[in-house]
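Just so you know, ligand 1 is whichever comes first in the structure, and atom 1 is the first atom listed for that ligand. Everything numeric here is computed off the predicted structure, so don't read it as measured data.
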Amino acid sequence: MSDALDNFVQQLQEQIYEETKEAFGETAYQRWRNPLYMGTMESPDGYGRVKGGCGDTIDIFLKFEEDRVKEALFQTDGCGSSMVCGSFAAEMAVGKTSDELVEVTGESILEKLGGLPEENKHCAFLAAASLHEALDDYMVKQK
Ligand code: FES
């Protein structure tokens with residue numbers, strides 16, 4: 001690549017980063033750059049997959065130990081904010097008991113990541129719905 005093209009691409013990338021940081025805020029931006037807890041799991045104790053009205057899907061995988069979430073992972077085919085929300089849903093699930101998991105809601109995810117633009121808020125509710133689906137799956141398997 002020529003230097004001019006290199007510079008152009010770099011400037012464009014920096015502009016995208018700046019715009020994203022401005023729109024989503026520092027916490028969500030940092031998580032977007034470094035989406036922790038992303039991945040899939042072989043034979044999870046609880047698995048949830050919910051498709052939102054926007055057409056995007058978030059998957060949540062949970063491993064429990066003595067009724068407490070030992071490991072949580074997420075995956076999404078959706079936008080950057082669904083990635084951020086899936087990541088926070090997984091993070092907030094770790095260490096919680098099955099009873100406590102219901103406290104992870106769309107609102108609490110939004111609060112944790114410092115809010116999102118109006119048009120992206122549904123991503124947090126989708127992440128919470130997937131987490132609750134994974135909890136349901138775990139509960140059913142316990143019976
Ligand atoms: Fe639908 Fe992000 S736009 S989950």
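A 4.5 Å side-chain heavy-atom check between Leu131 and Phe74 finds every atom pair outside the cut-off. Taking the side chain as every heavy atom from C-beta outward, Pro44 and Asp137 never approach each other to under 4.5 Å.
Remark: side-chain polar atoms of Thr76 are paired, donor with acceptor, to backbone N or O of Thr57 under 3.5 angstrom.
Within the 2.8 Å limit, Cys123 places at least one N, O or S atom next to atom 2 (Fe) of ligand 1. For residue His122, no N/O/S atom approaches atom 2 (Fe) of ligand 1 to within less than 2.8 Å. None of the N, O or S atoms belonging to Cys79 lies under 2.8 Å away from atom 1 (Fe) of ligand 1.
Short contacts between ligand 1 and Leu126, defined as distances under 4.0 Å to a heavy atom of the residue, involve ligand atoms 4 (S).
The protein heavy-atom contact nearest to atom 1 (Fe) of ligand 1 is Cys54 SG, 2.1 Å.
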> Could you go step by step and tell me if Thr97 and Asp67 meet the side chain to side chain donor-acceptor pair (under 3.5 Å) rule?
Replying inline: CA-CA 6 Å; Thr97 63; Asp67 199 45; 5.1 Å; no
>> As a quick check of understanding, evaluate side chain to side chain donor-acceptor pair (under 3.5 Å) for Gln30 and Glu26, giving each step before the final call.
In response: CA-CA 6 Å; Gln30 291 301 341; Glu26 183 68 27; 2.6 Å; yes
